[in-house]
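What follows is a set of notes on a single structure, which appears directly below.
Residue numbers begin at 1 in each chain, while the letters A, B, ... track the order of the sequences. Every value quoted in this text rests on a predicted model; they were computed, and no experiment measured them.
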Amino acid sequence: MNEQVNITLPDGVIKTYPVGVTPMEIATEIGAGLAKSTVAARVNEKLVDACDPIQTDASIKIITPRDADGVEIIRHSCAHLLGHAVKQLYPTAQMVIGPVIENGFYYDIAYERSFTPEDLELIEARMKELIATHYDVIKRRTPRDEVVSIFGSRNENYKLKLIEDMPNETHMGLYYHEEYIDMCRGPHVPNTRFLEHMTLTKVSGAYWRGDSKNEQLQRIYGTAWATKKELRSHLRMLEEAAKRDHRKLGKELDLFHFREEAIGAVFWHHKGWKVFQELISYMRRRQHNAGYIEVNTPDIMDLGLWEKSGHWENYGENMYTSETADDKTLALKPMNCPGSVMMYDHGLKSYRDLPIRMAEFGKVHRYELSGALHGLMRVRHFTQDDAHIYCKEEQMLEECTKIIHLVLDIYKQLGFDDIAIKLSTRPEKRMGSDGIWDILEAALIDSLEALELDYKLNPGEGAFYGPKLEFVLRDAIGRDWQCGTLQVDMNLPKRFELDYVDEDGNKKTPVMLHRALFGSLERFIGILIEHHAGKFPAWLAPVQVAIMTISEPFNEYALEVGKSFDRANIRLEYDIGREKIGYKIRCQTLQKVPFMIVIGAQEAEKSQVTLRHITGEQTTFTNIQDAIDYVSDKCKAPDIV
RNA sequence: GCCUGCAUAGCUCAGUAGGUAGAGCAACUGACUUGUAAUCAGUAGGUCGUUGGUUCGAUUCCGACUGCAGGCUCCA
């Protein structure tokens, strides 16, 4: 009979212990310090509690708060602790689920009233008290019927429903936080002293099982970290994000505004509109070089078109419609594709014409739920840098590859190196046969593989007419934003009976690719504002040069300098009022103007130009043209060499 | 759309335990003619988001509505 187990430590050393030894016992034997920081363990690659007995030979790694797994466990245990505190303060509350999320955790709770920020403070204070008592968290593997009776007697009806979802489990892990009991797969911390660096962040509603048809629960969010330092730096990151908020900067930098008369719609001020136009110019050049043509289709078209395209059935709840005096119903376009299809359909197409890469900066209108709106990031009317590529089936792979190449290169030029790709496959609400979906999904996967790119699968998230790739970029402070998409589609061309004359003289149906690279110009500008914290690169800056004088006698020379810069298409503003130069510099710095020109007696007399960079360094040019050449060079768009 | 919170001058905010409001910046006027992140003084500016109710009296208390913020759902 084998009463010993061989345990392999991470350094390869093999030690022998009695059967049933626990990770905590092993850690204790290795050293008191390790034992003290033991959160859990990885035994044969599986995460287990520090108290779980080991029955067979195994490799082991002790998990401490220094490990990413350790921090996750801390967050998970914080959720339980939240339950402990909530049940003490609000005994009739019913706990639902308390998972770990990025940077923290939440717990969904059913309670007769909503929690307020004051409740949150009370709960957090109670959690801190409980942490300070350093109580042990005790795990008991418990037979199913006993678990049911425990939660039944405690009126934890949601826990009972969750148990019903696990018909095959004969035993559950129960974690005892003193009088509070939670059910969990675990593992969890052995003692609350690990949970010190947490704070509750917000309350909100959340639907039971995530379905808006179900009752609404209260969700309490928190964040937790291994050390005080990490907690503090996370809270600082949130502050930094608040400072970069594009809604705040949009106001401060005079880029755009929103108002009640047109909710979810942007009023672009001339400075913001300049950024918008610059981005479109950039995209036009890139698309032209990539073999695209640009068209423009109507914003409002007969409802019949949208019925035929399937939008009315699949997307109708997001569409705006309008009745006219002649009893026609028209719809504002929520997407550009049907218009593009009309454009293709006009006139005969030959296989020699394909691929046709047809771009359109189309403004689309989508009725979004009011609660979904968010600054420029989520609006009801926005401009897509859309394009539809019509090609033969055998050209599909190459066209997909080209698009992926283009989008990654553009993001890179604009300063985003960290791009994630998501593949969204057939949704429940869709059109077209499974055979077609097989071909389309394979095309996207093949093109990603041809480029050796990693991607994450999002099953069931595709558009109703085809699967899609989504390009997610990571900004300067580590947040992810979804921008571009690429969708492949054989359904719309079929519905609209699009065709081309092939080599053999027969008519064939083209494949249609839908792609947007910025996605929404509005959202992309929001992302750029936050990524650069309002300090646009010079080529995008609404004002590239501020010309300012030391005092009024030099205004005339300042205007002369300004005219020369203006002729060179450099965007400039004058700041030649009676304020002191220090004040002018402060204002222009706060406006994040990349270059300032200071003009006083010295410059006026010698026809010089002194350039001040936003960073504070200065360069003096002995003639205006040299300064213009220098600034022009710095204001070049990244695709222009 | 749902949950919670918020709404005071152009902006950022204070305030009124119910008696029609105040600061800083910005604007305007005047003085100063100024060299690298705020010169000084003065003037003007608000039906306290809208709308009902309670009250002798509501910006303040209560309700409804609208918008905004954070979530949920959805999504470019």
It should be established whether [X] places a side-chain nitrogen or oxygen under 4.0 Å from OP1 or OP2 of nucleotide [N].
X	N	result
Tyr221(A)	C72(B)	yes
Lys580(A)	C32(B)	no
Arg247(A)	A69(B)	yes
Lys213(A)	U73(B)	no
Tyr315(A)	C75(B)	no

How would you label the contact of [X] with the nucleic acid (heavy atoms, under 4.0 Å): base, sugar-phosphate, or nothing?
X	result
Cys587(A)	nothing
Gly210(A)	sugar-phosphate
Lys584(A)	nothing
Gln602(A)	base
Val379(A)	base
Gln482(A)	sugar-phosphate
Ile581(A)	sugar-phosphate
Gly371(A)	base
Ile550(A)	base
Tyr106(A)	nothing
Arg523(A)	base
Ala206(A)	sugar-phosphate

Rounded off to whole Å, could you give me the [atom1]-to-[atom2] distance for the [X] and [N] pair?
X	N	atom1	atom2	answer
Leu200(A)	U4(B)	CG	P	18 Å
Glu252(A)	U12(B)	CD	P	9 Å
Glu260(A)	G49(B)	CD	P	12 Å
Phe115(A)	U4(B)	CZ	C1'	12 Å
Asp108(A)	G71(B)	CG	P	15 Å
Arg586(A)	U34(B)	CZ	P	23 Å
Met548(A)	U33(B)	CE	P	22 Å
Glu579(A)	U36(B)	CD	P	16 Å

For C61(B), the Watson-Crick or wobble counterpart (both distances under 3.5 Å): G53(B)
Polar side-chain atom of Ser340(A) near backbone of Asn336(A) as donor-acceptor pair, under 3.5 Å: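 Not at all, since once roles are kept as given, no pair shorter than 3.5 Å links the two residues.
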Shortest non-hydrogen separation from Gly98(A) to Ala79(A) and the atoms involved: O-CB, 3.5 Å
Euclidean distance for C1', U59(B) against G52(B) (whole angstrom):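 About 16 Å, rounded to a whole number of Å.
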